[in-house]
Enquirer: 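So that we are looking at the same thing, I have put the structure below in structure tokens.
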Amino acid sequence: MIESLKALLADWKDTRSITLAFLNELSDADLDKILPRKKLNTIRLHAYELTLGQRGYVDALTTKTVVFGDEFNNYLSLPTQTLINTMKELDEKMEKALEIMDGTESIEMFGYKMNIHRILSMMSGHEQMHIGQIIAFCYATGIEIPTSIVETMALEG
């Protein structure tokens with residue numbers, strides 16, 4: 001894997017570790033607490049949406065076209081471990097696909113050709129946006145942010 005993709009992958013792993021920490025360290029009650037948002041109104045739903053988005057990006061590494069599924073009708077309060085396993089499987093599939101890339105690959109998204117670097121950056125940015133929302137919702141609803149995240153992100157507990 002070329003160095004620039006290694007760097008983006010390292011950034012991704014750091015970002016994903018925060019999402020996984022929320023899933024691993026919050027109780028089911030906290031993951032399912034209703035948040036002040038319309039559709040994605042629980043942390044568990046945020047995590048599920050992240051798997052749907054990542055699947056679109058990861059599948060595009062081979063299909064060369066990003067397609068996002070709208071599978072929210074299939075969501076039935078997925079067990080935490082299922083979400084964690086899905087994220088880990090997608091991460092492994094992504095890393096394996098990136099191993100053979102040289103950085104010149106283009107992927108179509110919303111009708112535009114984008115370089116693989118931009119696609120990975122967008123995927124990380126999307127996850128980081130959700131992490132920011134989750135943190136804000138934790139503060140707003142009294143969910144205690146796990147210590148590992150507080151320390152990693154230099155937050156006020």
Side-chain angles (χ1 to χ4, degrees), residues 1-26 28 30-35 37-138 146 148-149 152-153:
M1 182 181 318
I2 65 169
E3 290 302 313
S4 57
L5 291 178
K6 283 181 185 177
L8 286 168
L9 182 60
D11 285 344
W12 169 256
K13 288 179 178 183
D14 287 344
T15 297
R16 175 46 59 91
S17 72
I18 296 167
T19 303
L20 289 171
F22 273 114
L23 290 173
N24 280 312
E25 298 180 44
L26 290 181
D28 283 336
D30 285 340
L31 291 174
D32 295 323
K33 188 172 189 174
I34 300 301
L35 307 173
R37 184 173 173 183
K38 292 180 183 177
K39 191 172 184 178
L40 295 177
N41 65 349
T42 69
I43 294 172
R44 189 181 308 275
L45 271 172
H46 276 264
Y48 178 64
E49 194 273 343
L50 287 168
T51 65
L52 294 180
Q54 186 183 10
R55 186 174 312 285
Y57 287 117
V58 170
D59 287 349
L61 297 177
T62 53
T63 66
K64 304 301 181 206
T65 303
V66 176
V67 177
F68 296 116
D70 187 16
E71 302 168 22
F72 277 97
N73 295 334
N74 298 329
Y75 172 79
L76 296 172
S77 192
L78 290 175
T80 304
Q81 195 58 51
T82 300
L83 289 168
I84 291 168
N85 292 345
T86 300
M87 288 179 177
K88 288 180 178 182
E89 289 168 14
L90 287 167
D91 288 348
E92 289 171 12
K93 184 177 177 183
M94 179 176 70
E95 189 164 359
K96 185 176 179 183
L98 291 174
E99 286 291 336
I100 60 171
M101 295 190 171
D102 64 13
T104 63
E105 294 80 8
S106 290
I107 293 176
E108 184 177 326
M109 184 168 158
F110 304 130
Y112 299 98
K113 291 281 187 186
M114 297 182 194
N115 179 276
I116 185 62
H117 294 85
R118 184 168 182 205
I119 293 294
L120 293 175
S121 178
M122 291 172 75
M123 188 178 78
S124 288
H126 177 245
E127 186 122 350
Q128 292 163 0
M129 180 270 302
H130 279 280
I131 290 169
Q133 287 186 3
I134 291 168
I135 289 168
F137 289 139
C138 285
S148 65
I149 296 170
T152 298
M153 300 189 73

Enquirer: Distance from Met101 atom CE to Met1 atom CE, nearest 0.5 Å?
Expert: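 It comes to 9.5 Å.
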Enquirer: Among all residues two or more places apart in sequence or in another chain, which pass the side-chain hydrogen bond (donor to acceptor under 3.5 Å, both in side chains) test with Asp59?
Expert: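 Partners of Asp59 under the side-chain hydrogen bond (donor to acceptor under 3.5 Å, both in side chains) test: Lys93.
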Enquirer: Is there side-chain contact between Ile107 and Ile116, with at least one heavy-atom pair below 4.5 Å?
Expert: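 Contact flag for Ile107/Ile116 side chains = yes.
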Enquirer: Within this structure, what is the CG-CD1 distance for the pair Asp32 and Ile34, rounded to the nearest 0.5 Å?
Expert: 8.0 Å
Enquirer: Glu3: which residues meet the salt bridge (charged side-chain N to carboxylate O under 4.0 Å, His left out) condition with it, sequence neighbours left out?
Expert: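 Result, salt bridge (charged side-chain N to carboxylate O under 4.0 Å, His left out) vs Glu3: Lys6.
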Enquirer: Does Ile100 have any side chain to side chain contact (heavy atoms under 4.5 Å, CB included) partners at least two apart in sequence or in another chain, and if so, which?
Expert: none
Enquirer: Could you work out, with side-chain hydrogen bond (donor to acceptor under 3.5 Å, both in side chains) as the rule, every residue matching Gln128, not counting sequence neighbours?
Expert: Thr15
Enquirer: Can you find a pair of side-chain heavy atoms, one from Asn85 and one from Gln81, that are under 4.5 Å apart?
Expert: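 They are in side-chain contact.
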Enquirer: Between Ser124 (side chain) and Ser121 (backbone), is there a donor-acceptor pair under 3.5 Å?
Expert: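 Answer holds: no.
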Enquirer: Can you name the salt bridge (charged side-chain N to carboxylate O under 4.0 Å, His left out) partners of Asp30, sequence neighbours left out?
Expert: none
Enquirer: So do the side chains of Met153 and Ile131 get within less than 4.5 Å of each other, counting heavy atoms only?
Expert: yes
Enquirer: List for me each residue that meets side chain to side chain contact (heavy atoms under 4.5 Å, CB included) alongside Arg37, sequence neighbours excluded, and say none if there are none.
Expert: Leu40, His46, His130, Gln133, Phe137
Enquirer: To check you understand the geometry: which heavy-atom pair defines the closest contact between Ile149 and Ile18, and what is its length?
Expert: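 In terms of heavy atoms, the two residues are closest at CD1-O, 3.7 Å.
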Enquirer: Roughly how far, to the nearest 0.5 Å, is the CG atom of Leu98 from the CG atom of Leu61?
Expert: 5.5 Å
Enquirer: Just wondering, do Asp91 and Trp12 contact through their side chains at under 4.5 Å, heavy atoms?
Expert: yes
Enquirer: Report, as yes or no, whether the 6.0 Å neighbourhood of atom NZ on Lys96 holds more than 12 heavy atoms from other residues, nucleotides or ligands.
Expert: no
Enquirer: Using every non-hydrogen atom in the two residues, find where Thr51 and Leu90 come nearest and quote the distance to one decimal.
Expert: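 Of all heavy-atom pairs spanning Thr51 and Leu90, the closest is O-CD1, 3.7 Å.
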Enquirer: Treating Glu105 as the side-chain partner and Gly103 as the backbone partner, does any N or O pair qualify as donor plus acceptor under 3.5 Å?
Expert: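 Present.
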Enquirer: Can you sort out the partners of Thr104 under side-chain hydrogen bond (donor to acceptor under 3.5 Å, both in side chains), two or more places apart, ordered by chain and number?
Expert: Asp102
Enquirer: Between the side chain of Thr86 and the main-chain N/O of Thr82, is any donor-acceptor distance below 3.5 Å?
Expert: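 Judged by distance alone, yes, a pair lies under 3.5 Å.
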Enquirer: Determine the minimum heavy-atom distance between Ser148 and Glu25, stating which atoms define it.
Expert: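 Scanning both residues completely, I find the closest heavy atoms to be OG-OE2, 2.7 Å.
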Enquirer: Considering residues at least two apart in sequence or located in another chain, which fulfil the side chain to side chain contact (heavy atoms under 4.5 Å, CB included) criterion with Ser17?
Expert: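 Checked Ser17 against side chain to side chain contact (heavy atoms under 4.5 Å, CB included); zero matches.
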Enquirer: With sequence neighbours left out, write down each residue that passes side chain to side chain contact (heavy atoms under 4.5 Å, CB included) with Lys13, or none if nothing qualifies.
Expert: Leu9, Glu95
Enquirer: For Ser106 and Lys113, which heavy atoms make the closest approach, and how far apart are they?
Expert: CB-CD, 4.2 Å
Enquirer: Rounded to the nearest 0.5 Å, what separates atom CG in Asn24 from atom CD1 in Ile84?
Expert: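 Interatomic distance, Asn24 CG to Ile84 CD1, rounded to 0.5 Å: 4.0 Å.
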Enquirer: Could you work out, with side-chain hydrogen bond (donor to acceptor under 3.5 Å, both in side chains) as the rule, every residue matching Thr63, not counting sequence neighbours?
Expert: none
Enquirer: Of all heavy-atom pairs between Ile119 and Tyr57, which one has the smallest distance, and what is that distance?
Expert: CG2-CD2, 3.6 Å
Enquirer: Between atom CG of Asp28 and atom CD1 of Ile43, what is the distance when rounded to the nearest 0.5 Å?
Expert: 11.5 Å
Enquirer: Is the side chain of Arg44 donor-acceptor paired with the backbone N or O of Leu78 at a distance under 3.5 Å, no angle test?
Expert: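 Indeed, once roles are kept as given, a pair shorter than 3.5 Å links the two residues.
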Enquirer: Nearest 0.5 angstrom please: Glu127 CD to Asp11 CG, how far?
Expert: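 Here the interatomic distance stands at 12.5 Å.
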Enquirer: Run the salt bridge (charged side-chain N to carboxylate O under 4.0 Å, His left out) test against Asp14 and tell me which residues pass, sequence neighbours left out.
Expert: none
Enquirer: Measure across Met114 and Met109 and return the closest heavy-atom pair with its distance rounded to 0.1 Å.
Expert: CE-O, 3.9 Å
Enquirer: For Lys88, which residues count as a salt bridge (charged side-chain N to carboxylate O under 4.0 Å, His left out) partner, sequence neighbours excluded?
Expert: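 Counting only residues at least two positions away or on another chain, Lys88 forms no salt bridge (charged side-chain N to carboxylate O under 4.0 Å, His left out).
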Enquirer: Kindly indicate whether the side chain of Phe68, heavy atoms from C-beta on, has any atom under 4.5 Å from the side chain of Leu52.
Expert: no
Enquirer: Are Arg16 and Met123 close enough, and set up right, to give a side-chain contact (heavy atoms from CB on, under 4.5 Å), and what steps lead you there?
Expert: CA-CA 11 Å; Arg16 175 46 59 91; Met123 188 178 78; over 6 Å; no
